[in-house]
Amino acid sequence: MHEIFKGLCVAILIIVAGFAATTPARAVVELDITQGNVQPLPIAISDFQSQDGLGKKISDVVSADLKRSGLFAPIDPSAFIQKGLGPDVSPNFQDWTVINAQALVVGRVSPEADGRLRVEFRLWDVFAGQQLDGQQFYTNPDNWRRVGHIIADAIYERVTGEKGYFDSRVVFVSESGDKANRVKRLAIMDQDGANVRYLTDGRDLVLTPRFSPNRQEVTYMSFGNGEPRVYLLQLETGQREIVGNFPGMTFAPRFSPDGQKVIMSLQQNGNANIYAMDLRSRATTRLTSTSAIDTSPSYSPDGTRIVFESDRGGRQQLYTMGADGSNQQRISFGDGSYSTPVWSPRGDLIAFTKQSGGQFQIGIMRPDGSGERILTSGFHNEGPTWAPNGRVLMFFRDQKGGGGPQLYSIDLTGYNEQKVPTSGYASDPAWSPLLD
């Protein structure tokens with residue numbers, strides 16, 4: 001299995017020296033994404049200079065990332081007046097103003113003597129006529145797509161003031177075959193659907209994969225030998241181990257923010273309670289003790305609190321508690337039932353699935369239960385997962401009569417919903433932190 005995981009770790013050297021970014025006292029290019037429906041920023045992304053066409057491929061990745069965010073509107077290159085612009089020349093800003101570009105990105109890809117690539121870019125504020133950012137990267141040629149994601153993140157952060165999310169991956173369940181005999185394999189891909197790699201062979205049913213904070217380990221549930229068990233999988237080596245041999249069935253595993261624990265639901269005698277396991281000592285701590293079904297636990301980003309779902313009140317609702325199981329309290333009070341809660345990496349919101357009025361909805365609320373807002377609704381939506389910047393959610397959707405689930409993303413405004421491309425059916429997505 002080692003070949004499956006080859007190349008997951010990528011070292012990219014970032015050098016800012018020689019491309020010093022000048023920040024005007026009052027930049028024209030600025031987006032406040034804390035507001036409602038933001039008008040996308042017109043941005044011109046020139047094909048990066050290169051000898052072999054790779055520059056255009058990288059700039060295309062940058063353009064696609066920024067466009068998918070819904071915050072940027074890349075201008076059609078056919079409208080460009082000044083063409084072939086590189087990072088060493090100051091643009092003729094009038095040529096870009098006339099086509100309504102508020103920002104301009106130029107770059108170059110050059111081969112190094114040691115076989116690596118040097119990728120340079122500059123971000124210009126067209127109206128102010130000043131450079132906003134400039135960096136260069138050294139990397140293996142095979143990693144050109146990742147450089148594009150890193151550049152898109154740099155532009156996103158410089159313009160919005162928020163961290164980007166493009167240099168990240170998603171682990172998910174890839175589904176194929178007839179509905180009655182569906183094969184489910186664990187898979188991993190870039191956040192835009194590229195570079196799919198399969199992590200399991202499909203012989204055992206897999207569910208609920210989740211990333212470790214260290215980015216090189218996932219936990220998931222598998223029905224190996226007829227019983228569900230929680231596994232840890234090392235992405236680099238392919239090594240797999242069972243978290244613990246419990247007498248009942250284990251569900252919905254998720255890591256603690258420091259990666260030292262796995263929290264999960266253990267079913268015994270018809271009910272299910274939540275347990276935490278220390279991955280070093282393998283000691284377990286029982287956190288809930290009810291005759292109900294308590295499941296789908298998720299830590300707050302500081303590790304002090306947990307959100308989970310429980311039917312202890314008669315139907316599935318959301319509850320929070322301390323990381324030690326103390327102070328359990330209900331936070332959802334709307335019509336319908338609530339499930340699959342997950343805490344935002346920013347700590348300010350909890351995403352959830354809600355079933356109400358014959359519809360499955362993806363929504364968010366504050367950790368105290370206030371401010372509930374539905375982002376999207378449909379025949380079957382489920383399983384939200386947060387982008388590492390806490391501004392975008394991914395989930396899976398089954399269309400009525402559609403044959404199988406597909407992945408979608410939506411931002412916190414609820415306006416920018418998009419299908420995430422996968423080669424087949426896909427479910428149970430989990431977004432990684434930003435890569436190192």
Side-chain angles (χ1 to χ4, degrees), residues 34 162-163 165 168 170-171 191 208-215 217-220 251-265 274-277 285 287-288 294-310 316-334 337-354 361-376 381-396 409-412 414 428-434:
T34 63
E162 301 271 356
K163 286 285 188 182
Y165 58 92
S168 59
V170 175
V171 64
Q191 54 77 29
T208 60
R210 300 292 180 258
F211 263 102
S212 165
N214 69 18
R215 305 163 188 84
E217 191 174 43
V218 295
T219 179
Y220 66 98
F251 298 94
R254 196 181 290 272
F255 285 94
S256 61
D258 62 5
Q260 300 301 313
K261 294 180 181 178
V262 169
I263 192 172
M264 57 201 161
S265 181
I274 294 172
Y275 290 74
M277 169 177 274
T285 303
L287 302 179
T288 67
D294 296 344
T295 190
S296 297
S298 172
Y299 280 100
S300 62
D302 64 4
T304 63
R305 299 172 69 193
I306 295 166
V307 63
F308 63 100
E309 66 176 85
S310 175
Q316 291 167 292
Q317 297 290 340
L318 303 187
Y319 292 77
T320 59
M321 62 180 172
D324 60 357
S326 62
N327 194 28
Q328 298 179 22
Q329 53 185 325
R330 179 175 163 180
I331 62 169
S332 63
F333 293 93
S337 60
Y338 296 74
S339 60
T340 67
V342 56
W343 220 301
S344 163
R346 299 169 64 93
D348 57 342
L349 294 168
I350 291 170
F352 57 86
T353 302
K354 182 178 181 180
Q361 304 165 333
I362 302 297
I364 54 175
M365 66 173 64
R366 298 187 187 96
D368 63 2
S370 65
E372 179 178 325
R373 187 155 54 89
I374 300 302
L375 302 180
T376 186
N381 300 317
E382 197 170 353
T385 180
W386 290 95
N389 70 349
R391 292 296 184 189
V392 180
L393 287 165
M394 193 177 292
F395 62 97
F396 69 94
S409 65
I410 192 166
D411 64 25
L412 295 188
D428 277 347
W431 220 316
S432 80
L434 279 175

Distance, nearest 0.5 Å, that separates [atom1] of [X] from [atom2] of [Y]:
X    : Y    : atom1 : atom2 : answer
R366 : R373 : CZ    : CZ    : 9.0 Å
M264 : I274 : CE    : CD1   : 11.0 Å
L318 : I331 : CG    : CD1   : 5.0 Å
F352 : M365 : CZ    : CE    : 4.0 Å
I374 : N381 : CD1   : CG    : 10.5 Å
W343 : I306 : CH2   : CD1   : 9.0 Å

Across all chains, not counting sequence neighbours, the side-chain hydrogen bond (donor to acceptor under 3.5 Å, both in side chains) partners of S168 are W431

Q316: what forms a side-chain hydrogen bond (donor to acceptor under 3.5 Å, both in side chains) with it, not counting sequence neighbours? E309

Hey, mind stepping through W386 and L393 against side-chain contact (heavy atoms from CB on, under 4.5 Å) and telling me if it holds? CA-CA 5 Å; W386 290 95; L393 287 165; 3.4 Å; yes

Determine the minimum heavy-atom distance between [X] and [Y], stating which atoms define it.
X    : Y    : answer
S256 : D258 : OG-OD1, 2.6 Å
P384 : V342 : O-CG1, 3.4 Å
Y299 : A276 : OH-CB, 4.0 Å

Does the side-chain contact (heavy atoms from CB on, under 4.5 Å) test come out yes or no for V170 and T385, once each step is laid out? CA-CA 10 Å; V170 175; T385 180; 5.8 Å; no

Quick check: do F308 and Q328 have side-chain heavy atoms less than 4.5 Å from each other? yes

Is S296 close to S265 at the side-chain level, that is, under 4.5 Å between some pair of heavy atoms? no

Could you give me the CA-CA distance, side-chain angles and deciding distance for F395 and T353, then say whether side-chain contact (heavy atoms from CB on, under 4.5 Å) is met? CA-CA 9 Å; F395 62 97; T353 302; over 6 Å; no

Whether the D428 and T208 side chains hold a donor-acceptor pair (N or O, under 3.5 Å, no angle test) is what I'd like checked. no

May I ask you to decide if L349's main-chain N or O and S344's side chain share a donor-acceptor pair within less than 3.5 Å? no

With sequence neighbours left out, the residues meeting salt bridge (Lys or Arg N to Asp or Glu O under 4.0 Å) with R346 are E162, D348

